Amino acid sequence: MKLYTSQVLLLLACVCNLHVCNALLFFQNWFQPVENAVVDTKTFLLHDRVLRFANEVEVFEESRHDLSQTIAQLNSANIKHYSQDPHNVPVPLEQYQGQYILRLYDWNEKLENRLALKQQPSFFEFAFTIVRQLEVPIWEKSTTHKFIDVQVTKSQGEELLSLLSMVYSGPDDFQSKIMILDLPQSVYETFSVSELDSGDAVVDDISTNAEIFFKSYRDLDTIYSWFDLLVDTYPDILQVEYIGNTFEGRPMKALRLSVHSDSKVDSIKTVVITSGIHAREWVSISSSCFILFQLLSDYENGNLAVRRYLENLDFLFLPVMNPDGYVNTWKNERLWRKNKQQTYNPRCAGIDIDHSFGFHFTTGYESPCSEDYAGESEFEALESYNWDNYLNETKHSHPIYAYIDLHSYAEEVLYPYAYSCDILPRDEENLLELAYGLGQAIRLKSGKYYEVLKACEDKGADLLPSMGAGSALDYMYHNKAYWAFVLKLRDSGTHGFLLPSKYIVPVGKEIYAAIKYFAAFLLSDKYA
Ligand SMILES: *[C@@H]1O[C@H](CO)[C@@H](O)[C@H](O)[C@H]1NC(C)=O
Ligand SMILES: [Zn+2]
C-alpha cells in the first residue's frame with residue numbers, strides 16, 4: 001500500500017493520541033501529498049533520534065539500581081547526591097523521577113525556506129503545536145536561539161520525537177538532546193547545599209551577612225528578614241513598602257531606595273525593578289536582591305557614579321512579586337510558575353501573574369490547569385491588582401520613569417511589545433539602542449552574550465496572540481514607564497530554571513552592570 005506522508009502522520013497520530021490527531025488535522029492542509037513520498041511507519045517510529053533518546057534514558061534508569069558510581073562521581077566534584085542528604089530536601093523529589101528535560105534545537109534553515117515556499121508551518125510552529133497538544137510543560141522556547149525545552153516522561157519524549165521526525169526526518173533537520181537527565185538531583189542542588197552555608201545564623205555585620213546571604217538561594221522568610229536588616233542598616237535611605245496581601249495571606253513587600261529629603265522628592269523619577277513573578281525563576285530574585293545591596297554599599301562607599309545615579313533617581317524593588325508561588329517552590333513543587341490563587345477549577349490552582357495585567361488582556365484560551373492561565377478577568381491575580389493599586393496611589397509622589405522585570409532563563413534582553421509584533425513601540429530606535437547597551441554592559445562584565453529581541457517574538461505571540469497578552473512589561477510600558485525591558489537571565493541551556501547557587505553572584509554582578517548602564521543612560525543629557 002502506498003501512503004502519503006501526511007496520511008501516515010495523521011493515522012499514527014490518531015492512534016497515539018487524539019489531541020495530536022486534532023493538531024495534525026489542523027495542519028494537514030499544509031502537507032500536500034508529495035509524489036513518491038512512500039513511507040514505512042516502522043522506519044518513522046524507529047528514527048535515530050527516538051532511539052537515541054530512549055537509549056539514553058534506559059541507560060540512566062539502569063544506573064539507578066546501583067548508585068555508587070553516580071555518587072562517587074558527584075562527590076569527586078564536591079556535590080552530594082540527594083540520597084546522602086535526605087534532611088536538606090524541602091520538596092518531595094520523587095515527583096521528578098522519570099521526568100527529563102528535552103531540548104529540540106538547531107532546526108535547519110534550508111528546510112525552513114522550503115517549508116516557507118510551500119506555505120507550510122515552520123518547525124517552531126509545528127513543534128510548538130504538538131508540544132501544546134501533548135500537554136507537556138514547556139520550560140523555555142526561543143525562535144531566535146532556535147530551541148524549545150520541554151519536560152517529558154520517556155514515553156512523551158518518544159511520542160514527541162516520533163511525530164516531529166515524521167515531518168522533519170532528515171538527520172540535520174533538527175537536533176535533540178536531553179538537557180537534564182537527572183531531574184531530582186538538579187532540583188536538589190538548587191537548595192542550600194554549600195558546606196560553608198551557615199543557614200540562618202545571625203550575623204550583625206551587614207557585609208559579612210551579604211556574603212553569606214548570596215551563597216545560597218533564600219526562602220521567603222529569610223529574604224523578608226534580610227529586608228528588615230537592610231532597613232535597620234540604612235534607615236535614612238531605604239524603606240519597606242507594603243504592597244498588599246496575596247491569596248494565601250502573605251504580604252508583598254517592596255523596598256524604596258531614595259537618598260532625598262522628602263521636599264525634593266516630587267521631581268525625582270523612579271526606576272522600578274521587579275522579579276520572581278514566575279515562582280521557579282529563583283535567580284531573578286537573588287539578582288534583584290544583589291543589585292539592591294550593591295547600590296546601597298557602593299553609595300555608602302562613596303562610589304561617584306552610583307552617588308550620581310541615586311542623587312538623580314529613586315529605585316523601587318519588588319524582589320518577590322509572587323510570594324505564594326515562591327513559597328510553593330520551597331515546600332512542594334520546585335518547578336511551580338504561577339501564583340496559588342483559587343480558580344473555577346478546584347483541581348487546578350494558580351494564575352500566571354504575567355498574563356493578568358490590564359493591557360491587551362485575553363482570557364478563555366488557556367484553562368486553569370495551564371501554566372499560562374491568565375484568569376477570567378484582568379487583574380484577577382491579587383499580585384497584579386495590588387501592584388496596580390500601589391502604583392496608582394504613589395504615582396504623584398513617585399512618578400515612574402523606567403522599568404525592568406527580571407526573569408530566567410535564555411540570556412535575553414526583551415523590549416515591548418509582548419502582545420503583538422505588528423505594533424511599533426514608541427521611540428523604537430532609542431529603545432533598541434538601550435536594549436543593546438544593556439546587552440553590551442553584561443558582555444563587558446562577564447562575556448555572556450544576551451540576545452536582544454522583541455518580547456512578542458520571545459513569547460510566541462506571533463504564533464498565538466494570547467501568549468503575549470496581559471504582561472507586566474506591556475502594562476508598565478504603556479501606562480507607567482517611559483522605558484521598559486525584560487531581562488531573561490542565565491543560563492542558556494544547561495541548568496535552565498535549576499541554576500546552581502554558585503552562579504548567584506556572577507549573575508548578580510553582570511545584571512548590576514546592566515542596571516548601572518541603564519541609570520547612566522537615563523541620566524544622559526540626550527534623554528533627560
Ligand atoms: C489605577 O488607575 C487606573 C487609571 O485611573 C484605573 O483604571 C485602575 O482601575 C486603577 N487601579 C486600581 C487597582 O484601583
Ligand atoms: Zn518568567
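All figures in this text were calculated on a predicted structure; none of them were measured in a lab. Read the numbers this way: they start at 1 and go in the same order the structure lists the ligands and their atoms.
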How close do [X] and [Y] get, counting heavy atoms only, and between which atoms?
{"X": "Pro416", "Y": "Pro425", "result": "O-CG, 3.4 Å"}
{"X": "Lys445", "Y": "Glu510", "result": "CG-CA, 3.8 Å"}
{"X": "Val283", "Y": "Leu489", "result": "O-CD1, 3.7 Å"}

Does the protein put any heavy atom within less than 4.0 Å of atom 9 (O) of ligand 1?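 Under 4.0 Å from atom 9 (O) of ligand 1, zero protein heavy atoms found.
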
Pairs of nitrogen or oxygen atoms closer than 3.5 Å, one from Asn392 and one from ligand 1: do any exist?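 Yes, there is a polar N/O contact under 3.5 Å.
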
Report the nearest protein non-hydrogen atom to atom 13 (C) of ligand 1: residue, atom name, distance rounded to 0.1 Å.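 Scanning the protein heavy atoms, the shortest distance from atom 13 (C) of ligand 1 goes to Tyr385 CE1, 3.4 Å.
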
Among all protein heavy atoms, pick the one closest to atom 5 (O) of ligand 1 and tell me residue, atom and distance.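 Closest protein heavy atom to atom 5 (O) of ligand 1: Lys395 NZ, 4.5 Å.
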
Find out whether the Lys NZ or Arg CZ of Arg334 is both under 6.0 angstrom from the six-membered ring centre of Tyr188 and within 45° of the ring's axis.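 No, a cation-pi geometry is absent between Arg334 and Tyr188.
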
Could you tell me if Lys177 sits above the aromatic ring of Tyr105, with its cationic atom closer than 6.0 Å to the ring centre and no more than 45 degrees from the axis?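 Checked: cation-pi criterion met.
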
For His278, what is the atom name of its N, O or S atom nearest to the Zn ion (ligand 2)?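 Of all N, O or S atoms in His278, the Zn ion (ligand 2) lies closest to ND1.
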
For the Zn ion (ligand 2), which N, O or S atom of His407 is at the shortest distance?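 Of the nitrogen, oxygen and sulfur atoms in His407, the Zn ion (ligand 2) lies nearest to ND1.
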
Output yes if Glu281 passes the N/O/S-under-2.8 Å test against the Zn ion (ligand 2); output no otherwise.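 For Glu281, the answer is yes, given that an N, O or S atom comes within less than 2.8 Å of the Zn ion (ligand 2).
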
Find all atoms of ligand 1 within a distance of less than 4.0 Å from any non-hydrogen atom belonging to Asp388, and give their numbers and elements.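 Atoms satisfying the 4.0 Å criterion: 1 (C), 8 (C), 10 (C), 11 (N), 12 (C), 13 (C).
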
Give the numbers and elements of all ligand 1 atoms closer than 4.0 Å to a heavy atom of Asn389.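 So the answer, numbered in order with elements, is 13 (C), 14 (O).
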
Side-chain ion pair, Arg280 and Glu333, N-O less than 4.0 Å: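 Salt bridge absent between Arg280 and Glu333.
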
Pair Lys141 + Asp458, salt bridge at N-O below 4.0 Å: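 No, Lys141 and Asp458 are not salt-bridged.
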
